[in-house]
Visitor: 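Below is a structure I'd like to ask you about.
In this text, all values refer to a predicted model and were calculated from it rather than measured experimentally.
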Amino acid sequence: MEIRSLGNIDFDTLFEAFESAFGDYAVKFEKEEVRAMLVRRGFNPNLSFGAFDGDRLVAFIFNGTGMFEGVPTAYDTGTGTVSGYRGRGLAKEIFSYALPYLREAGIRQYVLEVLQDNERAISVYRAAGLGVRRELKCFRQEKAKVAVSRFADESVTVKVIGTDEVLRHRDFCDFKPSWQNTGESIVRAGNSVICIGAYSAGELAGYCVFDPATGDITQIAVGGQHRNRGIGSRLLAETVARIRCEGIKVLNVCESDTSLAKFLISHNIPESLCQYEMSMQI
């Protein structure tokens, strides 16, 4: 068994390992969906590492790299072990192997998310030096079951906008987005996401960023002075109409943001699971 960088490994090999590692999940992953996910999350193959049994990749940590809240950061965008190789502590070995290379590359922080009920993984992460930063809630619903309401204010118009407009109004959000939902992530996603804005009297009142192929709503936010006018509901209705898959999801809503959680629940998008965001200085 050899641990080495994934810098020269082709995507088909990476996907084969990913698919094998998560083959027993209820959710199945398409190749292009995984490719888009890695791009959006800043996957850096040179600073990602895997365990190889001969030529076969049997365990891996896919790291994304970039700035997160002003700190050079590596983000665990996917850790997995192929069935038959589990229980050997390979992920822990890969993580320990990676740390010196991350430090040498100027990375100063490591961030990941883990399901709250995955007590074994949490204990492993704590032993490695990571601590809980905050609690993140995730919401999911079938598109057909989302409660979209009619919107009567004809002075409000909705149109597609550029990512630059979203970045200029990122203060509309009441909490700092998680790694996969930051402005930087939206820029990395490129044309795979759509940004729409709601305008009132020529002024941007709110926006929504979403992936029409996966139903992932990255950000939905309304400016403080424009709230309680149904603008969020209008944006949600426009988003649902543009989503091409059967379901929608809003991942990693900070536990402290009760207003967004209440908004989603009021539109019949219930909470589906909770995660911890964990981090460590390196």
Side-chain angles (χ1 to χ4, degrees), residues 1-25 29 31 34-35 37-116 118-133 178-180 182 184-185 188 275-282:
M1 200 78 67
E2 179 187 8
I3 297 175
R4 61 178 188 263
S5 167
L6 302 179
N8 295 317
I9 307 301
D10 63 88
F11 179 74
D12 285 345
T13 299
L14 299 180
F15 178 73
E16 180 183 352
F18 186 95
E19 189 176 40
S20 297
F22 296 105
D24 51 359
Y25 273 44
F29 298 92
K31 180 180 287 190
V34 173
R35 191 194 303 272
M37 178 193 76
L38 292 178
V39 170
R40 176 173 162 183
R41 297 184 183 183
F43 173 58
N44 185 335
N46 293 320
L47 291 178
S48 298
F49 300 87
F52 291 80
D53 186 356
D55 292 331
R56 187 186 182 195
L57 177 61
V58 298
F60 57 84
I61 298 179
F62 295 160
N63 288 322
T65 58
M67 299 295 291
F68 186 59
E69 298 180 2
V71 180
T73 299
Y75 169 79
D76 182 357
T77 194
T79 293
T81 302
V82 172
S83 177
Y85 292 84
R86 295 170 185 164
R88 305 187 189 183
L90 290 176
K92 184 178 180 181
E93 287 189 39
I94 295 169
F95 182 73
S96 297
Y97 181 91
L99 286 178
Y101 291 95
L102 295 173
R103 291 192 192 100
E104 185 179 355
I107 300 299
R108 295 296 174 259
Q109 178 178 236
Y110 198 86
V111 174
L112 56 80
E113 292 139 20
V114 59
L115 293 175
Q116 286 187 12
N118 193 344
E119 296 179 1
R120 182 178 179 277
I122 292 170
S123 65
V124 170
Y125 293 141
R126 287 189 185 278
L130 288 98
V132 173
R133 286 166 50 102
S178 66
W179 176 276
Q180 62 185 281
T182 61
E184 291 78 4
S185 175
R188 286 193 295 264
Q275 301 193 110
Y276 288 128
E277 181 180 73
M278 303 183 72
S279 69
M280 65 179 289
Q281 302 302 308
I282 60 176

Visitor: Centres of the Tyr276 and Tyr125 rings: under 6.0 Å?
Guide: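 Here the rings of Tyr125 and Tyr276 have centres that are no less than 6.0 Å from each other.
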Visitor: For a side-chain contact (heavy atoms from CB on, under 4.5 Å) with Leu130, tell me which candidate from Val124, Asp76, Leu112 qualifies.
Guide: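 Considering Val124, Asp76, Leu112, a side-chain contact (heavy atoms from CB on, under 4.5 Å) with Leu130 is found only for Leu112.
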Visitor: Is the Tyr75 ring parallel, tilted or perpendicular to the Trp179 ring (thresholds 30°, 60°)?
Guide: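 Answer is parallel, since the angle falls under 30°.
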Visitor: Roughly how far, to the nearest 0.5 Å, is the CD atom of Glu16 from the CG atom of Asp10?
Guide: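 Nearest 0.5 Å value for the CG-CD distance: 9.5 Å.
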Visitor: Does the side chain of Phe95 come within less than 4.5 Å of Ile61's, by heavy atoms?
Guide: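 A side-chain contact exists here, since the closest heavy-atom pair is under 4.5 Å.
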Visitor: Apply side-chain contact (heavy atoms from CB on, under 4.5 Å) to residues Thr73 and Ile107 and explain how you reach the verdict.
Guide: CA-CA 5 Å; Thr73 299; Ile107 300 299; 5.5 Å; no
Visitor: Would you call Phe60 and Thr79 a side-chain contact if the rule is heavy atoms closer than 4.5 Å?
Guide: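 Heavy-atom side-chain distance check fails, nothing below 4.5 Å.
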Visitor: Got Ser178 and Glu113 here, is their nearest side-chain heavy-atom distance under 4.5 Å?
Guide: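 Side chain of Ser178 against side chain of Glu113, heavy atoms only: contact under 4.5 Å found.
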Visitor: Considering only heavy atoms from C-beta outward, does the side chain of Asn46 approach that of Tyr101 to under 4.5 Å?
Guide: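 The answer is no; the side chains never approach within 4.5 Å.
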Visitor: Answer yes or no: is there a side-chain heavy-atom contact under 4.5 Å between Arg126 and Met278?
Guide: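 A side-chain contact under 4.5 Å exists here.
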Visitor: Do Val111 and Met280 come close enough that some side-chain heavy atom pair is under 4.5 Å?
Guide: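 No, side chains not in contact.
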Visitor: Main chain of Ala121, side chain of Asn118: is a donor-acceptor contact present, judged purely on distance under 3.5 Å?
Guide: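 Yes, because the side chain of Asn118 sits within donor-acceptor range (under 3.5 Å) of the backbone of Ala121.
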Visitor: Rounded to the nearest 0.5 Å, what separation is found between the OH atom of Tyr85 and the CG atom of Leu90?
Guide: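 Output value for this atom pair is 9.5 Å.
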Visitor: Could you check whether Glu69 and Gln109, counting side-chain N and O atoms only, form a donor-acceptor pair closer than 3.5 Å?
Guide: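 The answer is no; no qualifying pair exists.
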Visitor: Distance from Ile3 atom CD1 to Phe49 atom CZ, nearest 0.5 Å?
Guide: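 One gets 10.0 Å once the value is rounded to the nearest 0.5 Å.
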Visitor: Begin from the C-alpha positions of Met1 and Arg88 and carry the test side-chain contact (heavy atoms from CB on, under 4.5 Å) through to its verdict.
Guide: CA-CA 11 Å; Met1 200 78 67; Arg88 305 187 189 183; 3.5 Å; yes
Visitor: About how many Å separate CE of Met67 and CZ of Arg108, when rounded to the nearest 0.5 Å?
Guide: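 Reported value, rounded in 0.5 Å steps: 11.0 Å.
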Visitor: How close do Pro72 and Gly106 get, counting heavy atoms only, and between which atoms?
Guide: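 It is CB-O, 3.4 Å.
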Visitor: Are the side chains of Glu277 and Val132 in contact, using a 4.5 Å heavy-atom criterion?
Guide: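 Side-chain contact under 4.5 Å: no.
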Visitor: Tell me if a side-chain donor or acceptor on Ser20 pairs with a main-chain N or O of Ala17 at a distance below 3.5 Å.
Guide: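 Pair absent, no side-chain N/O of Ser20 close to backbone of Ala17.
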Visitor: Measure from the side-chain N and O atoms of Arg86 to the backbone N and O of Thr81, and report whether any donor-acceptor pair falls under 3.5 Å.
Guide: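 Checking the backbone N and O of Thr81 against the side chain of Arg86, a donor-acceptor pair under 3.5 Å is found.
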Visitor: Which word best sums up how the rings of Phe18 and Phe15 line up, parallel for under 30°, tilted for 30 to 60°, or perpendicular for over 60°?
Guide: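 Ring orientation, 0 to 90° scale: parallel.
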Visitor: Is there a donor-acceptor contact under 3.5 Å from the side chain of Ser48 to the main chain of Asn63?
Guide: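 Side chain of Ser48 to backbone of Asn63: a pair is present.
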Visitor: Would you find a donor on one side and an acceptor on the other, under 3.5 Å apart, between the side chain of Arg40 and the backbone of Gln180?
Guide: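 Answer holds: yes.
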Visitor: Just verifying a value: how many Å separate Ile9 CD1 and Leu14 CG, rounded to the nearest 0.5 Å?
Guide: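 The CG atom of Leu14 is 7.0 Å from CD1 of Ile9, to the nearest 0.5 Å.
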Visitor: Would you verify whether the NZ or CZ of Arg4 falls within 45 degrees of the ring axis of Phe52 while also being under 6.0 Å from that six-membered ring's centre?
Guide: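 Positive - Arg4 is close enough to the ring of Phe52 and near enough to its axis.
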Visitor: Give a yes or no on whether the backbone of Leu38 and the side-chain of Thr77 come within a donor-acceptor separation of less than 3.5 Å.
Guide: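 A pair under 3.5 Å: no.
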